[in-house]
Amino acid sequence: MAIKISPECGKINALLFKNENVGLPMTLFLSISIDLDEFEFQNETEKTCIQLDFIEIYFRSFSDLQDKEFEFPVNPEEGYIDGSVYLDGQHIPVDVTKISFCSFDGDNIKAKIFGEVLFDYCCYKEPNQEFNLEATLRFENIFIPPDIVSPSEQDLDVVKNKLSEFFNISELSEPIIENNGFRDAIVFHKSIK
């Protein structure tokens, strides 16, 4: 399988999240989705993306990421990125070991992502494939799930105060309530300047 970045490139979002059951305090995580060109896999044409979630990087502003490089352990070590690519009806794990952020133009940031698609984890005969991808990522939003703050008009100021502990909210739109296809949540979009 050959992985190639499509012209659509990708997107980067953030998620305010906590899990008291595992001792995870409130944290602002990044999420990256990278679109891939169509390719053949198991005799089928696939159009998919590499999805990277729970990327723990400290940043208070989108511009804080510019010209920074971050290394990560692989699953199951603490601090790993939860990555996968959806192929053949299942999620195939993706280990990411490094992300290098480059230039930032106010809306998009260029990134180099280093990792490996773990085909053997899902018992495929294809060898695991290391990759070094370059993509332009478009900032979309910061998502506040309903278990953090209830998605109601009266809680919009509460969520602004809570998010301001983690991020410079002056870079964001006013919060709104959106449905992401599964549930309502409070969302901040990147301000248009």
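Along the sequence shown, residues carry numbers from 1.
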Quiz item: Does one hydrophobic cluster hold both Ile99 and Leu118, with members joined at side-chain heavy-atom distances below 4.5 Å?
Solution: no
Exercise. Taking all non-hydrogen atoms of both residues into account, name the closest pair between Leu137 and Ala111 and its distance.
Key: CD1-CB, 3.8 Å
Quiz item: When you measure from the side chain of Asp155 to the backbone N and O of Val158, does any donor-acceptor pair fall under 3.5 Å?
Solution: no
Quiz item: Would you say Pro151 and Pro146 make side-chain contact, with heavy atoms under 4.5 Å?
Solution: yes
Self-check item: Side-chain heavy atoms of Leu15 within contact of Leu28, under 4.5 Å
Solution: no
Self-check item: Value rounded to 0.5 Å, distance of OG1 in Thr97 from CG in Asn132
Solution: 9.5 Å
Exercise. Check whether any side-chain heavy atom of Val94 sits under 4.5 Å from a side-chain heavy atom of Val96, and report yes or no.
Key: yes
Quiz item: Any donor-acceptor pair under 3.5 Å linking the side chain of Thr27 with the backbone of Pro25?
Solution: yes
Quiz item: So how far is it from Ile177 CD1 to Ser152 OG, rounded to the nearest 0.5 Å?
Solution: 6.0 Å
Self-check item: Transitive ILVMFWY side-chain link Phe131 to Leu87, under 4.5 Å
Solution: yes
Quiz item: What about the rings of Phe104 and Phe139, do their centers lie closer together than 6.0 Å?
Solution: yes
Quiz item: Are Phe114 and Ile92 connected in the hydrophobic side-chain network, where two residues link if heavy atoms are under 4.5 Å apart?
Solution: no
Quiz item: Would you say Asn13's side chain and Asn141's backbone share a donor-acceptor pair under 3.5 angstrom?
Solution: yes
Quiz item: Side chains of Pro175 and Lys160: closer than 4.5 Å at any heavy-atom pair?
Solution: yes
Self-check item: Taking every non-hydrogen atom, the tightest pair across Ser191 and Ser170
Solution: OG-O, 4.0 Å
Self-check item: Shortest non-hydrogen contact from Asn179 toward Gly181
Solution: OD1-N, 2.6 Å
Exercise. Consider only side-chain heavy atoms of I, L, V, M, F, W and Y, link residues closer than 4.5 Å, and tell whether Leu163 and Leu65 are in one cluster.
Key: yes
Self-check item: Leu172 side, atom CG; Glu174 side, atom CD - distance, nearest 0.5 Å
Solution: 9.5 Å
Quiz item: At their closest point, which heavy atom of Gly79 faces which heavy atom of Phe72, and how far apart are they?
Solution: O-CD2, 3.9 Å
Practice problem: Write down the atom of Val85, the atom of Cys49, and the distance for their closest heavy-atom approach. | Solution: CG2-O, 3.4 Å
Quiz item: Does the pair Lys190 and Phe62 meet the rule for a side chain to side chain contact (heavy atoms under 4.5 Å, CB included), with working shown?
Solution: CA-CA 9 Å; Lys190 187 167 177 326; Phe62 297 122; 3.7 Å; yes
Self-check item: Reported NZ-to-CD distance for the pair Lys47 and Glu38, which is rounded to 0.5 angstrom
Solution: 6.0 Å
Self-check item: side chain to side chain donor-acceptor pair (under 3.5 Å) between Ser61 and Asp64, worked out
Solution: CA-CA 5 Å; Ser61 168; Asp64 288 349; 4.5 Å; no
Exercise. Report the C-alpha distance between Val187 and Phe143 in whole Å, list the side-chain angles of each, state the deciding distance to 0.1 Å, and finish with yes or no for side chain to side chain contact (heavy atoms under 4.5 Å, CB included).
Key: CA-CA 5 Å; Val187 175; Phe143 180 80; 4.0 Å; yes
Quiz item: Taking atom types as modelled, is there a side-chain donor on Thr45 or Glu40 under 3.5 Å from an acceptor on the other?
Solution: yes
Self-check item: Side-chain heavy-atom pair Phe166, Leu16 within 4.5 angstrom cut-off
Solution: yes
Quiz item: Is there a donor in the side chain of His189 and an acceptor in the side chain of Glu178, or the other way round, less than 3.5 Å apart?
Solution: yes
Quiz item: Counting heavy atoms not belonging to Gln66, are there more than 12 under 6.0 Å from its CD?
Solution: yes
Quiz prompt | Inter-residue atom distance Ser150.OG - Asp184.CG, 0.5 Å rounding | solution = 9.5 Å
Self-check item: Parallel, tilted or perpendicular, as decided by the 30° and 60° cut-offs, for the rings of Phe59 and Phe167
Solution: perpendicular
Practice problem: May I ask you to check whether Gln51 and Asp53 show a side-chain donor-acceptor distance below 3.5 Å? | Solution: yes
Quiz item: Going only through I, L, V, M, F, W and Y residues with side-chain contacts under 4.5 Å, is there a path from Phe54 to Ile57?
Solution: no
Exercise. Under the side chain to side chain donor-acceptor pair (under 3.5 Å) rule, what do Tyr124 and Gln90 come out as? Steps first, then yes or no, please.
Key: CA-CA 12 Å; Tyr124 288 107; Gln90 64 181 323; 2.7 Å; yes
Quiz item: Roughly how far, to the nearest 0.5 Å, is CD1 of Ile55 from OG of Ser31?
Solution: 6.5 Å
Self-check item: Carboxylate-amine/guanidinium contact Glu69 Lys112, below 4.0 Å
Solution: no
Exercise. For the residue pair Phe101 and Lys110, establish whether any side-chain heavy-atom pair is separated by less than 4.5 Å.
Key: no
Quiz item: Do Ile113 and Leu52 have side-chain heavy atoms sitting under 4.5 Å apart?
Solution: yes
Quiz prompt | Donor-acceptor pair, side chain of Arg138 and main chain of Ile12, under 3.5 angstrom | solution = no
Quiz prompt | Minimum heavy-atom distance between Cys9 and Thr136, given as atom pair plus value | solution = CB-O, 3.0 Å
Self-check item: Side-chain (Asn128) to main-chain (Asp120) donor-acceptor, under 3.5 angstrom
Solution: yes
Quiz item: Side chains of Lys162 and Ser164: closer than 4.5 Å at any heavy-atom pair?
Solution: no
Self-check item: Polar side-chain atom of Arg183 near backbone of Pro145 as donor-acceptor pair, under 3.5 Å
Solution: no
Quiz item: When the ring centroid of Phe41 is compared with that of Phe119, is the distance short of 6.0 Å?
Solution: yes
